[in-house]
Amino acid sequence: MKKKCSFHLTLFVMEITREEDVSVAIDALLECKVKIEHILQGRDLNLQFLGVSEFNNQVVFAKIAEDSAKAKLKEITDTVKNTFKDKELFKIENRSCIPHLTLMKMESAPELQEQGVIIYPSLYRTFKKHYFGNETMSRLDLCSMGKARQPDGYYHTEASIFIGVS
Ligand code: C5P
């Protein structure tokens with residue numbers, strides 16, 4: 001199970017091959033603040049976490065309820081992705097964007113993963129329709145998956161922007 005402080009939603013993943021390009025990525029992130037604020041029109045983005053699903057029996061995650069906030073999150077994701085695409089420097093992963101709040105993943109137990117151990121659906125069946133709660137989007141981080149994690153378990157963060165009114 002993940003540490004609470006490392007909970008996050010990944011909007012998308014990209015490859016930055018040269019360390020010197022990180023500053024371009026930081027500029028792109030900073031450009032996103034005004035665009036996201038324009039999408040939100042002064043309102044908070046309040047996401048509801050309802051039910052669980054999985055990727056390939058390797059990752060179990062809380063799903064985001066199908067409502068207008070989820071649609072706004074998609075609009076924000078597309079806008080941020082396009083801002084990075086416009087820099088023409090980054091290889092952006094094209095995997096379908098399913099917003100997921102990861103609860104557990106086999107990647108965190110590489111030895112078991114190597115042995116072919118999977119996360120059995122019976123382990124989380126009772127949470128299939130569970131309401132986990134809601135969370136207001138307050139921050140967007142540019143994180144590195146390649147660098148060592150922070151002492152609190154969260155990904156190494158290159159830069160952040162703060163969003164929302166409250
Ligand atoms: O850190 P994060 O919560 O984003 O990790 C989620 C995991 O789910 C990653 O290992 C990623 O490769 C995986 N994933 C997946 N299929 C997707 C999206 C993410 O297997 N469509």
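All ligand and atom numbering here is 1-based and tracks the order in the structure. This is a predicted model, so every value here is computed, not measured.
Contacts of Tyr155 with ligand 1, taken as heavy-atom pairs under 4.0 Å, involve the side chain alone.
Under a 4.0 Å heavy-atom criterion, Gln58 is not in contact with ligand 1.
By the 6.0 Å and 45° rule, Arg149 stacks over the aromatic ring of Tyr155.
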Atom pairs and distances, donor-acceptor, side-chain atoms in residues 83-93, under 3.5 Å, two or more places apart:
residue : atom : partner : partner atom : Å
Thr83   : OG1  : Lys35   : NZ           : 2.9
Thr83   : OG1  : Thr79   : O            : 2.8
Lys87   : NZ   : Glu31   : OE2          : 2.6
Glu93   : OE1  : Arg95   : NE           : 3.3
Glu93   : OE1  : Arg95   : NH2          : 3.1

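Lys33 places a side-chain N or O within 3.5 Å of a backbone atom of Phe162 that can act as its donor or acceptor partner.
Set against the non-hydrogen atoms of Val59, the atoms of ligand 1 under 4.0 Å away are 7 (C), 8 (O). In summary, the atoms of ligand 1 found under 4.0 Å from a heavy atom of Thr102, numbered by their order in the structure, are 2 (P), 3 (O), 5 (O), 6 (C). Which parts of ligand 1 touch Glu107 is read off a 4.0 Å heavy-atom cut-off, strictly below it: atoms 9 (C), 10 (O).
In this structure, Gln41 places its CD atom where more than 12 heavy-atom neighbours from other residues, nucleotides or ligands lie under 6.0 Å away.
Through direct or relayed side-chain contacts under 4.5 Å between Ile, Leu, Val, Met, Phe, Trp and Tyr, Ile98 connects to Phe55, Val59, Phe61.
When the heavy atoms of Glu54, His100, Met104, Met106 are ranked by distance to atom 6 (C) of ligand 1, first place goes to His100.
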